[in-house]
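Here is the structure we will look at.
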Amino acid sequence: MKVREILAIKGTALFTITPRRFLSDAVAVMVEQDIGSLVVFDAGKMVGLLTFREVLVAIHHACASWGMLTVEEAMLRQPIVADPDMELDELRRRMVEKRQRYFPVMEGGTLLGVVSFYDVAKAVLEEKDFENRMLKNYIRNWPGVDEEDT
């Protein structure tokens with residue numbers, strides 16, 4: 001399975017924010033949309049990624065004044081990105097190695113979507129379930145096995 005296939009199943013909804021918005025605005029969007037990340041865009045170019053992890057770190061360091069921070073002050077700069085033709089196993093390996101739960105998917109300079117660790121886990125489970133059903137069907141219909149033999 002490729003990253004492109006995960007995006008096709010997941011859909012094309014993208015949530016972005018500018019780096020100069022307040023962190024409190026970003027948290028509001030993340031809560032309202034029930035999402036764990038926002039891609040940070042400035043002048044039509046991806047400049048970072050804001051996830052709940054960066055939000056928590058910013059809150060911890062800024063304490064009561066966290067709401068006055070900007071997205072730019074909290075975001076992950078230069079996040080690792082995924083290619084749409086990357087194999088699922090390679091993406092899983094990178095997510096674990098780099099400890100990055102959200103990967104923007106870029107094709108050239110175009111953002112196609114964001115794939116999360118949840119999306120990957122769901123795709124793996126669905127793929128394994130499909131393989132399991134196919135194997136069980138194959139075994140049930142084993143060539144040369146008569147009803148009388150069972």
Side-chain angles (χ1 to χ4, degrees), residues 1-140:
M1 181 177 279
K2 295 190 184 273
V3 170
R4 185 181 307 277
E5 295 171 71
I6 296 172
L7 285 178
I9 294 167
K10 179 180 177 177
T12 57
L14 280 173
F15 296 94
T16 63
I17 196 161
T18 63
R20 288 168 291 291
R21 294 278 303 270
F22 286 117
L23 191 57
S24 58
D25 296 334
V27 168
V29 171
M30 292 168 82
V31 169
E32 289 166 9
Q33 298 300 323
D34 191 25
I35 55 174
S37 69
L38 290 168
V39 180
V40 185
F41 264 84
D42 193 22
K45 180 182 168 195
M46 183 181 73
V47 294
L49 183 68
L50 183 70
T51 72
F52 63 88
R53 176 185 280 164
E54 285 76 37
V55 170
L56 289 174
V57 168
I59 289 171
H60 175 72
H61 290 299
C63 296
S65 62
W66 73 269
M68 299 307 295
L69 293 176
T70 62
V71 168
E72 186 172 32
E73 293 172 287
M75 71 183 188
L76 173 63
R77 298 175 190 282
Q78 300 176 341
I80 301 164
V81 300
D83 183 90
D85 293 317
M86 179 183 287
E87 291 290 336
L88 181 62
D89 287 340
E90 174 65 15
L91 178 62
R92 284 190 325 190
R93 187 183 62 72
R94 284 192 187 178
M95 286 181 150
V96 170
E97 278 180 3
K98 303 300 182 182
R99 296 184 49 130
Q100 186 175 313
R101 292 182 182 102
Y102 297 87
F103 272 60
V105 181
M106 301 289 289
E107 189 167 47
T110 305
L111 176 67
L112 301 179
V114 176
V115 176
S116 70
F117 199 78
Y118 171 82
D119 299 327
V120 171
K122 183 179 175 188
V124 168
L125 286 174
E126 288 175 2
E127 187 177 47
K128 297 300 177 198
D129 184 49
F130 175 76
E131 288 173 1
N132 192 14
R133 285 194 321 270
M134 292 295 105
L135 286 170
K136 285 179 179 177
N137 186 48
Y138 180 74
I139 291 168
R140 266 194 303 274

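When a residue number appears, it is its place in the shown sequence, counting from 1.
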In the structure I gave you, are the side-chain heavy atoms of [X] and [Y] within less than 4.5 Å of one another anywhere?
X	Y	answer
Met1	Glu87	no
Phe103	Val3	no
Val29	Asp25	no
Leu69	His61	no
Leu23	Leu50	yes
Val120	Val115	yes
Leu112	Thr110	yes
Arg4	Asp85	yes

Partner of Val47 by side-chain contact (heavy atoms from CB on, under 4.5 Å), out of Glu72, Met75, Arg77: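 Exactly one candidate clears the test, Met75.
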Of the non-hydrogen atoms in [X] and [Y], which two are nearest, and what is the gap between them?
X	Y	value
Asp119	Lys10	OD2-NZ, 2.8 Å
Leu111	Pro104	CD1-CB, 3.8 Å
Asp83	Val105	C-CG1, 4.2 Å
Met46	Val81	CE-CG1, 3.6 Å
Arg21	Thr18	CG-OG1, 3.1 Å
Met106	Pro84	O-CD, 3.3 Å

message: Checking the side chain of Lys122 only, and the main-chain atoms of Ile6 only, is there a donor and an acceptor separated by less than 3.5 Å?
response: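 No; judged by distance alone, with no hydrogens or angles, the pair does not exist.
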query: Any donor and acceptor pair, going by atom type alone, linking the side chain of Gln100 with main-chain N or O of Pro79 inside 3.5 Å?
result: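 Flag not set: sc Gln100 to bb Pro79 has no pair under 3.5 Å.
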field: Pairing of Glu90 and Arg93 as salt bridge, 4.0 angstrom limit
entry: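 Looking at Arg93 together with Glu90, the answer is yes, because their closest N to O distance falls below 4.0 Å.
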- request: Take Leu76 and Tyr102 through the test side-chain contact (heavy atoms from CB on, under 4.5 Å) and record every step on the way to the result.
  value: CA-CA 11 Å; Leu76 173 63; Tyr102 297 87; over 6 Å; no
Gln78, CD atom: more than 12 neighbouring heavy atoms under 6.0 Å: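 Open.
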query: Is atom CZ of Phe15 surrounded by more than 12 heavy atoms (other residues, nucleotides or ligands) closer than 6.0 Å?
result: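 Atom CZ in Phe15 is crowded, with more than 12 foreign heavy atoms closer than 6.0 Å.
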Can you give the donor-acceptor pairs under 3.5 Å from side chains of residues 53-60 to other protein atoms, not counting sequence neighbours?
from: Arg53; atom 1: NH1; to: Arg99; atom 2: O; distance (Å): 2.6
from: Glu54; atom 1: OE1; to: Thr51; atom 2: N; distance (Å): 2.9
from: Glu54; atom 1: OE1; to: Thr51; atom 2: OG1; distance (Å): 2.3

- prompt: What is the distance from atom CZ of Arg101 to atom CG of Leu49, rounded to the nearest 0.5 Å?
  reply: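 Those atoms lie 12.0 Å apart.
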- prompt: OG/Ser37 to CG/Leu14 distance, rounded to the nearest 0.5 angstrom?
  reply: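 Those atoms lie 9.5 Å apart.
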